K.L.:
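Submitted below is the structure of interest, expressed as structure tokens.
Below, each value reflects all heavy atoms present in this structure, side chains not excepted, and no hydrogens, waters or symmetry copies. All figures in this text were calculated on a predicted structure; none of them were measured in a lab.
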Amino acid sequence: MDAKKVGLYVLGGVGVVAAYKYLERQSNKRANIKDIIQNWVNTVCTHNPQAIVDLYAPDGVLVGTIADDIKIGRQEIIKYFNMFVEKKPCGIITSISTQNYGDYAIADGTYDFTLEEDGKKEVVPARFTFVLRRNKGVWQIATHHSSAQPE
């Protein structure tokens, strides 16, 4: 193989790496972090505890809005969502601010959740913090804190 062909192959390889790095940086944009949180809200609205828990890191932490204690790991987190989905929750994000740091991102904001119990619906305004961690290219919830808005 002549030097010209080798040079072209090297340039092509460098181009592929550069394109990959560019796309990787794009996945950290704030709009994408907001989309991840919106996906969590949409998933909660399906009332499928396993689908919700799959969004958390295996060692994720949840301080739930109506939890008595901190849930650590998916086995504990699913117990919370098994109970929570009985209230047929569905939410809407009312404000959000994001920060990103490579393989970590933070989203803080507020959401309103409509909960149903005994046929009665109640809107619960709450605030949240999500800490996201990217693991092998997939964003997962490392820590999630949610609490009812003070009156």
K.L.:
Ignoring hydrogens, what is the shortest heavy-atom contact between Pro49 and Ile78? Give both atom names and the distance.
P.N.:
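Looks like CB-CG1, 4.0 Å.
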K.L.:
Hey, what's the ring geometry for Tyr111 with Phe113, parallel, tilted or perpendicular (30° and 60° as the breaks)?
P.N.:
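The arrangement is perpendicular - the two ring planes meet at more than 60°.
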K.L.:
Could you tell me which non-hydrogen atom of Trp139 sits nearest to which non-hydrogen atom of Asp103, and how far apart they are?
P.N.:
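Between these two residues, the closest heavy atoms are CZ3-O, 3.6 Å.
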K.L.:
Enter the distance from Thr65:OG1 to Leu115:CG here, rounded to the nearest 0.5 Å.
P.N.:
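The OG1 atom of Thr65 sits 8.5 Å away from the CG atom of Leu115.
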K.L.:
Closer than 3.5 angstrom, by distance alone: can the side chain of Asn135 be matched with the main-chain N or O of Val138 as a donor-acceptor pair?
P.N.:
no
K.L.:
Listing request: all salt bridge (charged side-chain N to carboxylate O under 4.0 Å, His left out) pairs with a residue in residues 139-151, at least two apart in sequence or in separate chains.
P.N.:
none
K.L.:
Hey, what do you get for CZ (Phe81) to NZ (Lys71), rounding to the nearest 0.5 Å?
P.N.:
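Between atom CZ of Phe81 and atom NZ of Lys71 there are 11.0 Å.
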K.L.:
Working to the nearest 0.5 Å, report the span between CD of Gln99 and CD1 of Ile106.
P.N.:
4.5 Å
K.L.:
Do Leu55 and Asn39 come close enough that some side-chain heavy atom pair is under 4.5 Å?
P.N.:
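Yes, at least one pair of side-chain atoms sits under 4.5 Å.
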K.L.:
One pair to check against side-chain contact (heavy atoms from CB on, under 4.5 Å): Ile52 and Phe84. What are the steps and the verdict?
P.N.:
CA-CA 11 Å; Ile52 300 166; Phe84 190 60; over 6 Å; no
K.L.:
Hey, any chance Ile70 and Ile141 share a hydrophobic cluster, counting ILVMFWY side chains that come within less than 4.5 Å of each other, even indirectly?
P.N.:
no
K.L.:
Would you list the pairs meeting disulfide (SG to SG under 2.5 Å) in which at least one residue belongs to residues 74-151, sequence neighbours left out?
P.N.:
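Sorted result for residues 74-151: Cys45-Cys90.
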K.L.:
Are the side chain of Thr143 and the backbone of Val61 linked by a donor-acceptor contact shorter than 3.5 Å?
P.N.:
no
K.L.:
If hydrophobic clusters are built by linking Ile, Leu, Val, Met, Phe, Trp and Tyr wherever their side-chain heavy atoms come under 4.5 Å apart, do Val63 and Ile37 end up in the same one?
P.N.:
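As far as the 4.5 Å side-chain criterion goes, Ile37 and Val63 are not connected within one cluster.
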K.L.:
In Å, rounded to the nearest 0.5 Å, how long is the span from CH2 of Trp40 to OH of Tyr56?
P.N.:
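That separation rounds to 5.0 Å.
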K.L.:
side-chain contact (heavy atoms from CB on, under 4.5 Å), that's the test. Do Lys87 and Glu116 meet it? Break it down for me.
P.N.:
CA-CA 5 Å; Lys87 299 177 183 299; Glu116 186 177 324; 6.0 Å; no
K.L.:
Taking His47 for the side chain and Pro89 for the main chain, is one N or O donor matched with an acceptor at less than 3.5 Å?
P.N.:
yes
K.L.:
Counting only heavy atoms from other residues, nucleotides and ligands, does the tally under 6.0 Å from CD of Gln75 exceed 12?
P.N.:
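Check fails, neighbour count at 12 or below.
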K.L.:
Is there a side-chain contact (heavy atoms from CB on, under 4.5 Å) between Asp59 and Ile72 once you walk through the steps?
P.N.:
CA-CA 6 Å; Asp59 59 346; Ile72 300 173; 5.9 Å; no
K.L.:
Under 3.5 Å, which donor-acceptor pairs do the side chains of residues 120-132 form with other protein atoms, sequence neighbours left out?
P.N.:
{"residue": "Arg127", "atom": "NE", "partner": "Ser147", "partner atom": "OG", "Å": "3.2"}
{"residue": "Thr129", "atom": "OG1", "partner": "Asp108", "partner atom": "OD1", "Å": "2.6"}

K.L.:
Do you know the tightest heavy-atom contact between Val41 and Gly91?
P.N.:
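Looking at all heavy atoms of both residues, the shortest contact is CG1-O, 3.2 Å.
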K.L.:
Show the nearest heavy-atom pair for residues Arg134 and Gly102, with the distance to one decimal.
P.N.:
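Closest approach of Arg134 to Gly102, heavy atoms only: NH2-O, 3.4 Å.
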K.L.:
Using a strict cut-off of less than 4.0 Å between a Lys/Arg side-chain nitrogen and an Asp/Glu carboxylate oxygen, indicate whether Asp69 and Lys79 qualify as a salt bridge.
P.N.:
no
K.L.:
Hey, what do you get for CD1 (Ile66) to CG (Asp68), rounding to the nearest 0.5 Å?
P.N.:
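Answer for the CD1-CG pair, Ile66 versus Asp68, is 9.0 Å.
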